[in-house]
Amino acid sequence: MAGIQRVSFFAVPMHASDLFDRHQKVRTILQVINACIELKGSQPQGEIMINVAIIYHSGYGHTERLAQSVAVGVRDGGAEAGLFRATELATPQSEHWTTLKAADALIFGAPTYMGAASAEFKKFADTSSHVWANHDWKDKLAAGFTNSGSVAGDKSSTLNQMFILASQHGMIWVPPAFKPGFSKSSQEYDTAINRTGFYTGVGTQSLDDHGPDQSPNAADLETGRRLGERVAVVAHRWTGAQAA
C-alpha cells in the first residue's frame, strides 16, 4: 500500500561475555548501594541530652549538701545537672531564668523553717510569676526536697508548697517512689533510705548541733541521690530520649 513502509527488526546476537559484563556491573552497583546503607546506619545519631535544674536555698549548708547529692543522682541517671541558688533568682532580670526555661525538669529544694519553706525560696517562687504568665514551665517535670532539724518538723508543708508551685505552673510532679526505710523493728534508722517516710518528696534530718559536714547523714544523702536519679530516668521516658 502506498505511503506505508515495511520496517524490519533484526535480532542482535549477544555473546556470553556481554551478559557476564552486565551482570558484573549490576552486582557492583548493588554492592555500592548496600555499603552506603550500612555506612548511614553505623553513623551515631544525635543524642538528646536531658537537662535538670536544681533550684535550692540553704541557710546553713545542710540543704546545699542535699542538693549536691541530688545533682549526683541526676548525673547517675544520664542527665546533665545544674545547681542554682534561689537567691540568684530573686528578680526577673536574672540570667538564670533562660536556663530554667530550657530545662526538661526542675527540682526544688529548701529547708523547712517554722513549718514552711524558707523566705528566700518563697521569694524565688513568687518571682516565678512572670514565668507563669507565659506558661513557660508547662509540662516540665518537677520534684522537691527539704531538710529540718527534727524527724518530722512539718516538712510535708514545705513539700506541699513545692507541689502546689509546680501545679500552678502546669508541671508534672515526680514523687520519690520508694517506700519508707524505717517502718520495721528489724530496720536501722541511721542507715535507712527514706528513713523519715515522706512520699511527696525527700525530707531529711540534720540535727541542730551538727554542721553540714555531719548532717544530713549518708543515708539521707543517698535518699536525695536516688530522687535525682529517678527524675533523670523519668525525664528520659517523658521526652522520649535515650539514656546515655
Side-chain angles (χ1 to χ4, degrees), residues 52 54-74 76-77 81 83-87 105-125 141-167 173-234:
V52 179
I54 302 166
I55 308 99
Y56 71 96
H57 170 251
S58 182
Y60 302 96
H62 304 88
T63 308
E64 183 169 47
R65 279 200 71 201
L66 182 58
Q68 291 167 348
S69 292
V70 172
V72 170
V74 168
D76 289 343
L83 287 163
F84 302 90
R85 291 184 174 91
T87 52
L106 307 181
I107 304 178
F108 305 126
T112 295
Y113 293 157
M114 302 304 294
S118 61
E120 290 82 354
F121 181 84
K122 186 61 168 63
K123 175 65 174 176
F124 150 74
L141 299 181
F145 60 90
T146 186
N147 179 77
S148 72
S150 61
V151 177
D154 290 324
K155 285 192 279 281
S156 285
S157 175
T158 299
L159 293 174
N160 286 338
Q161 278 183 271
M162 296 172 178
F163 171 75
I164 292 172
L165 172 64
S167 298
W173 188 259
V174 181
F178 34 75
K179 297 178 180 179
F182 184 67
S183 57
K184 298 178 181 179
S185 60
S186 59
Q187 296 169 326
E188 295 291 335
Y189 178 71
D190 287 341
T191 58
I193 302 301
N194 191 22
R195 60 184 185 156
T196 53
F198 290 95
Y199 288 94
T200 309
V202 164
T204 62
Q205 179 186 17
S206 293
L207 298 176
D208 292 338
D209 57 350
H210 277 186
D213 59 327
Q214 297 172 288
S215 293
N217 75 355
D220 277 349
L221 295 177
E222 173 61 15
T223 303
R225 190 201 67 80
R226 293 189 186 189
L227 174 67
E229 185 175 26
R230 170 165 164 75
V231 171
V233 171
V234 173

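A 4.5 Å side-chain heavy-atom check between Leu66 and Asp220 finds every atom pair outside the cut-off. Taking 4.5 Å as the limit, some side-chain heavy atom of Trp173 sits within range of a side-chain heavy atom of Met162. Side chains of Ser58 and Arg85 form no contact here, defined as non-hydrogen atoms less than 4.5 Å apart. Inter-residue side-chain proximity for Phe198 and Thr204 is flagged as unmet; no heavy-atom pair is nearer than 4.5 Å.
Note that OG1 of Thr112 is 7.5 Å distant from CG of Asn147, once rounded to the nearest 0.5 Å. Distance check, rounded to the nearest 0.5 Å: OG of Ser206 to CD of Gln214 gives 10.0 Å. Between atom CZ of residue Arg65 and atom CG of residue Leu221 there is a gap of 5.0 Å, rounded to the nearest 0.5 Å. The line from CG of Leu207 to NE2 of His62 is 8.5 Å long, rounded to the nearest 0.5 Å. Here the CZ-OG1 distance, from Phe121 to Thr146, works out to 9.0 Å after rounding to the nearest 0.5 Å. To the nearest 0.5 angstrom, Leu159 atom CG is 10.5 Å from Phe145 atom CZ.
Asp190 has a carboxylate O that lies under 4.0 Å from a charged side-chain N of Arg195, or vice versa, which qualifies the two as a salt bridge. Checked for salt-bridge contact, Glu222 and Arg225 meet the test: a charged N lies under 4.0 Å from a carboxylate O.
Smallest separation of non-hydrogen atoms from Ser157 and Ala116: OG-CA, 4.3 Å. The two residues Gly181 and Ala192 make their nearest non-hydrogen contact at O-CB, 3.3 Å. The two residues Thr63 and His57 make their nearest non-hydrogen contact at CG2-O, 3.5 Å. Scanning all heavy atoms of the two residues, the minimum distance from Ala81 to Ala71 falls at CB-O, 3.7 Å.
Ser148 and Lys155 share a donor-acceptor pair across their side chains, judged by distance under 3.5 Å alone. Inspection of the His210 and Ser215 side chains reveals an N or O donor paired with an N or O acceptor under 3.5 Å. Between Thr223 and Asn194, the side chains place no donor N or O within less than 3.5 Å of an acceptor N or O (distance only, hydrogens not considered).
Within a 6.0 Å radius of OH in Tyr113, other residues, nucleotides and ligands contribute more than 12 heavy atoms. Within 6.0 Å of OH in Tyr60 there are 12 or fewer heavy atoms belonging to other residues, nucleotides or ligands.
By the ring-ring contact (aromatic ring centres under 6.0 Å, His included) test, Phe84 is found to be paired with His96, residues two or more places apart in sequence or in another chain being considered.
Classified by interplanar angle (parallel below 30°, tilted 30° to 60°, perpendicular above 60°), the ring pair Phe124/Phe108 is tilted.
A donor-acceptor contact shorter than 3.5 Å links the side chain of Thr196 to the backbone of Gly203.
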